[in-house]
Amino acid sequence: MIGSDWFLLGAPWDCSGTGRGEAEAPEALRAAGLNGHVDVDLGDAATIISTHHRDEKTAVRALPDTIAAAHALATSLATGMREHPERRPLVLGGDCSLLLGVFAHLRPAVGSVGLWLVDGHPDYLDARASDTGETADLELAVLTGAGPPSLTGLGQAVPMVEARHVALLGHRTDGLDPASAAEVARVPAEMLTIGSPAVIADPHGAGRRAAAWAERLQVPMWLHLDVDVLDPSSMPAVTYPQAGGPDTDQLAALLAPLAGAPNLLGVSVADFRPDLDIDGRYATSLVTLLDRVCGSDRATPPCP
């Protein structure tokens, strides 16, 4: 089981502001048994997005609520890490916007922190190029300094994450429409990128490569999992499913070297939609995956 090495923190964040199902994921995963796998559950941060208004100047959806949610999550994460220094945080989204709150805390409190982003999409759009303006379309761009100052400056220093400290893993690279291909092309060359075909071909090898790359950086690392990296045959309960992803066993093999890395600082999980999981089977599958990857027999002590 995950056990005493972790504390749980919910981030019920739906950047669309429409009441979409991602905000229900922390409670659904607890109900599926996840809170029984950890010793400390700090409840949920106040990451509520209550509007879907798109800011005229920046084209970002729900901009004031997003800024408030990021600060709220940063505060809750700071409290958890201060009060439980012997444990790593396991942050349950919500959508990938939660990374804005995670790094709004980590950048000023820890300094340079790297990111393993395991995601079916690069999340590297400009807000005006996004059909929706949702921050889950563009959080990686914002983290690396590309976006409106009201968001890029959340961590007090820009960028919150240096592009050379980011590994993008599992994103789709084959058969893309022009807009998706343009987004992939926008990803900075300094990032380590290992697309879905390479992950499927050798998932454990891809994980070892990303772990070895991060070890050379000599910075603490955050691991973020967007469950839409999975093929829809394994996880259909997401907002934007895409074919061509790994199955659950392949994803576990990819994640194992990262979760076992000595420089791992914490983990976040995003984009699970319990409203699309009628009988709860995918919540149970996700809890099992997290237990396999973050179990106490795998994890090393938190890095300082």
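Computed from a predicted structure; not experimentally measured.
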Just by distance, with hydrogens left out, do His171 and Asp119 show a side-chain donor and acceptor under 3.5 Å apart?
-> no
Look at the side chain of Arg172 and the backbone N and O of Pro197, then say whether any donor-acceptor pair between them is shorter than 3.5 Å.
-> no
Please examine the side chains of Thr79 and Leu42, heavy atoms only from C-beta on, and report whether any two atoms are closer than 4.5 Å.
-> no
Backbone N/O of Gly120 and side chain of Asp228: donor-acceptor pair under 3.5 Å = yes
Minimum side-chain heavy-atom gap Trp13-Cys96 below 4.5 Å | no
Sub-3.5 Å donor-acceptor pair from the side chain of Ser196 to the main-chain atoms of Gly244, do we have one?
-> yes
With Asp177 via salt bridge (Lys or Arg N to Asp or Glu O under 4.0 Å) - residues at least two apart | none
Asp65 side chain to Ser50 backbone, donor-acceptor under 3.5 Å | yes
Pair Thr239, Arg273: side-chain N/O donor-acceptor within cut-off below 3.5 Å = yes
Residues forming a ring-ring contact (aromatic ring centres under 6.0 Å, His included) with His71, sequence neighbours excluded | none
Residue set satisfying salt bridge (Lys or Arg N to Asp or Glu O under 4.0 Å) with Glu183, at least two apart, ordered chain then number -> none
Would a hydrophobic clustering, with Ile, Leu, Val, Met, Phe, Trp and Tyr connected at side-chain separations under 4.5 Å, put Val219 with Leu192?
-> yes
